[in-house]
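These numbers come from the heavy atoms of this one structure, side chains and all, not from hydrogens, waters or symmetry mates. In what follows, chains carry the letters A, B, and so on, assigned in the order in which the sequence lines appear, proteins first and then strands, with residues in each chain numbered from 1.
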Amino acid sequence: MRAASSWLHRHTTARLLALLSLPVLWVVVAYLGALGAMLVAAFWTTNDFTGAVEHRLTLSNFRTLVEQPVYRRVALRSLGVAALVTAVDTLIALPMAYYMAKVASPRARRLLVVAILTPLWASYLVKAYAWRVMLANGGVVDWLLQPFGTHGPGFGLIATIITLSYLWLPFMVLPLFAGLERIPDALLEASADQGARAARTFRSIVLPLLFPALVAGSIFTFSLSLGDYITVKIVGGTSQLVSNVIYDNITTGGNLPFAAAAAFFPILVMVGYLVGVRRTGALEEL
Amino acid sequence: MTGPVQALRSPSGLDAGPGVADVRLEAVTKRFGDVVAVHELTLDVHRGEFFALLGPSGSGKTTCLRMIGGFERPTAGRIWLAGTDVTEVAPFAREVNTVFQDYALFPHMTVEQNVGYGLMVARVPKRERQERVEQALATVRLNAFGSRRPGQLSGGQRQRVALARALVNRPKVLLLDEPLGALDRKLREQMQVELTLLQRDVGITFVFVTHDQDEALTMADRIAVFRDGRLEQVGTPEDVYDRPETPFVADFIGTSNQAEGAAAVAVFGAEGHFALRPERIRVLDAAGAPDPGEVATPAQVVDVVFAGATVRRVVTLDAGPTWVVTAPAVDAAALPGPRRGDHVLLAWSQGAERRLG
C-alpha cells in the first residue's frame with residue numbers, strides 16, 4: 001500500500017490516469033456515446049412498409065420538420081411554454097430568495113432551504129397528478145376562484161405552465177439564493193448611502209450582480225421545460241410539445257430516426273441560448 | 001492631498017463656526033436582542049470637526065456610526081443632523097455619506113461609474129456629473145484609473161475611490177468606518193496625513209471609527225472613547241492622553257503605569273488611583289539623587305527591550321506594581337543605562353501623575 005502510494009507520488013501522469021480513468025470512460029462511452037448514436041440516427045430513415053430502420057444518410061427527417069407547419073407550431077409553443085415557465089419562476093423565486101438570503105434569521109434560512117428542497121424528494125409524477133386533481137373541473141382551484149366569479153384554467157397550456165413552474169421552482173430559487181448570499185450587504189448599504197431607493201438598488205446593483213445566478217437558474221427551468229412531456233400529458237389536455245413529438249415517434253410511431261431529428265431542436269435552442277448568454281459578456285465580468 | 005478641492009467644498013462648510021452641532025446623539029440606546037450595544041449615549045460633533053469614535057471591538061462605536069448613517073435604528077433616543085431630527089429618516093434621504101470598512105465598491109462598475117453613482121441616482125445632468133467625477137478623482141489622485149474596475153486596484157487605491165465616491169455628493173457629514181483598517185502600516189500612515197489634509201481642505205465634518213489609538217490621536221480634533229456601549233471620555237487628543245478621566249482611558253490610550261491602594265500611598269504619598277506615562281519617568285542609579293521638584297521611588301529592572309526609536313524598560317517597584325519606562329534610544333548599539341537586574345531609582349516631576357476617577 002505504502003509502496004504503491006510512493007510510486008504514484010513520483011509518477012504524476014499515472015496518478016492523473018488513475019484518478020480520471022473511470023469518469024473519462026463514463027463521459028466518453030456512456031454519455032457522449034449515447035448522444036452521438038442518437039445524433040447519427042437522426043440522419044437515418046425508416047422503411048415505409050416494414051418500419052425497419054434503414055442505415056443510409058438522408059436529410060428527409062429534417063425536411064419534414066421544417067416544412068410541416070404543425071412542427072413549427074409545436075416548436076414555437078414549446079419555446080413559449082419554456083420561456084413563460086422561466087419568467088414565472090423568476091418572478092416567484094426572486095423575492096423568495098431575497099428574503100432567504102438577506103432578511104431571514106439564520107434559523108429561518110435553514111428551515112426555508114429545507115422547505116424548498118423537500119418537494120424534490122417527492123415523485124415528479126405524484127406532483128403532476130396532484131396538480132391534475134387541483135386543476136380538474138370542480139377542483140381546488142375552481143373552488144378558490146369561485147368567490148371571484150371566475151374558474152380555473154382547466155387542462156391546457158396554462159395548466160402546463162402552472163404545473164411546470166411549480167415543479168422547477170427549486171431549481172430557480174436555489175441558484176438565486178446562492179447568488180444573493182454572495183452579494184455583500186455592504187453593497188446594498190452603499191447604494192442606499194448614495195441616495196438610491198430599493199428599486200434603484202435592485203436595478204443597478206442586485207440585478208447585474210445576480211445575472212450569472214439568473215442564467216444558471218433559467219438554464220434549469222428552460223431546458224427542463226423544453227424537455228418535458230409527462231406534465232403536458234397529465235394536465236395539458238390535447239396540447240403537444242416537442243418532447244411529445246419525440247416520445248410519440250419512439251413509442252406509437254416507431255420512427256426512432258424522426259424522433260432523433262426532432263431532438264435536435266431543444267439541443268440547438270440550448271446551445272443558442274448559452275452562446276447568447278456568453279455574448280453579453282456578463283459572465284466574464286464577475 | 002492637493003487638487004481641485006474647491007469643487008468638493010460642502011455648502012454647509014462655508015459658514016462653519018465652532019460650537020455648532022452637526023451631529024447630535026441624544027440619549028441613544030441600541031439593543032440587539034438581549035445585547036445592549038449602545039447605552040443612553042449623548043454626543044455632539046461640531047461642524048467641520050474631525051471626530052474619532054475610539055474603542056475596542058464590541059464597544060458600540062461602529063453601531064453609533066451606523067445609526068448616524070441610518071443603517072441601524074436606535075431602540076431609544078434621537079439623532080440630529082445639522083439641526084434636523086433624522087431618527088426616522090432612511091439612509092438614502094440623509095445628507096451623509098459613508099466610507100465603508102471594506103469600501104463596498106460596486107464590482108461590476110468602473111471607478112468612474114462607482115464615483116458617479118450617487119450623482120446618477122440624484123439625476124445630476126450628465127455633463128456636470130462627468131465634471132464632478134473628474135474633480136473628485138483628481139482630489140484623490142486617481143484620474144488615470146477612471147475606466148478600471150475595483151478588482152484591478154490595490155487596497156490603497158480602492159480606499160481612495162471609496163473616499164471620492166463619498167465626497168462627490170458633497171455631504172454635510174462624512175462617516176468613515178475603520179477607513180484605514182485594511183491597509184498595511186506604511187500606507188496607513190501616509191493616508192492618515194492625507195485624510196487629515198483633505199478634511200481641512202473640504203471643510204466637511206468627518207466622523208470616523210477606529211480601534212487604533214495612534215490613528216485617533218494623529219488625525220482627530222476630538223476623540224470619544226467608547227467602552228461597553230458607553231462613553232468614557234470625550235476630549236481633544238491632549239485631553240485624553242494627558243488628562244485621562246478613568247483608568248480605562250489611561251490604559252487604552254497609550255501605556256499607563258498605574259498604582260492604587262497601598263502602592264499609591266507608598267509611591268505618590270496619597271490614597272487613590274494614579275496613572276503615570278512611561279515617557280515621563282527618568283531612570284537614575286540606585287545611588288542617584290532626584291532633581292529638586294522631582295519625586296522618586298526605588299525599583300529593579302526586569303527587562304530591557306530595544307524598540308527602534310525607544311528603549312523600553314520593565315521595572316518592578318519596591319512598592320509592588322510592575323511599570324514600564326521608555327526613553328529615546330540615543331545610542332542603540334550600546335544600550336546605555338541600567339541593565340536587567342540593576343537596582344534603580346525612578347524619578348518624575350511632581351504632578352506628572354494623574355489621579356483617576
Turns out that what part of Phe100(B) lies under 4.5 Å from chain A's heavy atoms comes down to side chain
Applying a strict 4.5 Å limit to non-hydrogen atoms, the region of Leu175(B) in contact with chain A is neither
Step through the shown structure and confirm whether more than 12 heavy atoms of other residues, nucleotides or ligands are within 6.0 Å of CZ on Arg182(A). no
Pull out the residues in residues 80-97 of chain B that come under 4.5 Å of chain A, heavy atom to heavy atom, sorted by number. Pro91(B), Phe92(B), Val96(B), Asn97(B)
Do other residues, nucleotides or ligands put more than 12 heavy atoms under 6.0 Å from the CZ atom of Arg72(A)? yes
At under 4.5 Å between heavy atoms, what parts of residues 109-129 of chain B are in contact with chain A? List them by residue number. Met109(B), Tyr117(B), Gly118(B), Met120(B), Val121(B)
Is the CZ atom of Arg24(B) crowded by more than 12 outside heavy atoms at less than 6.0 Å? no
Closest non-hydrogen contact found for Ala190(A) with Ala104(B) is CB-O, 3.7 Å
State whether the number of non-hydrogen atoms from other residues, nucleotides or ligands found under 6.0 Å of Arg31(B) atom CZ is greater than 12. no
Ranking Ser204(A), Ala186(A), Pro184(A) by heavy-atom pairs under 4.5 Å to chain B gives rank one to Ser204(A)
Crowded around Phe220(A) CZ? As in, over 12 foreign heavy atoms under 6.0 Å? no
Calculate, to the nearest 0.5 Å, the distance between atoms CG and OH belonging to Leu187(A) and Tyr103(B) respectively. 14.5 Å
Enter the distance from Asp193(A):CG to Arg165(B):CZ here, rounded to the nearest 0.5 Å. 7.5 Å
Tell me whether Tyr124(A) at atom OH has more than 12 heavy atoms from other residues, nucleotides or ligands lying less than 6.0 Å away. yes
Heavy-atom count around Ile219(A) CD1 within 6.0 Å, excluding the residue itself: above 12? yes
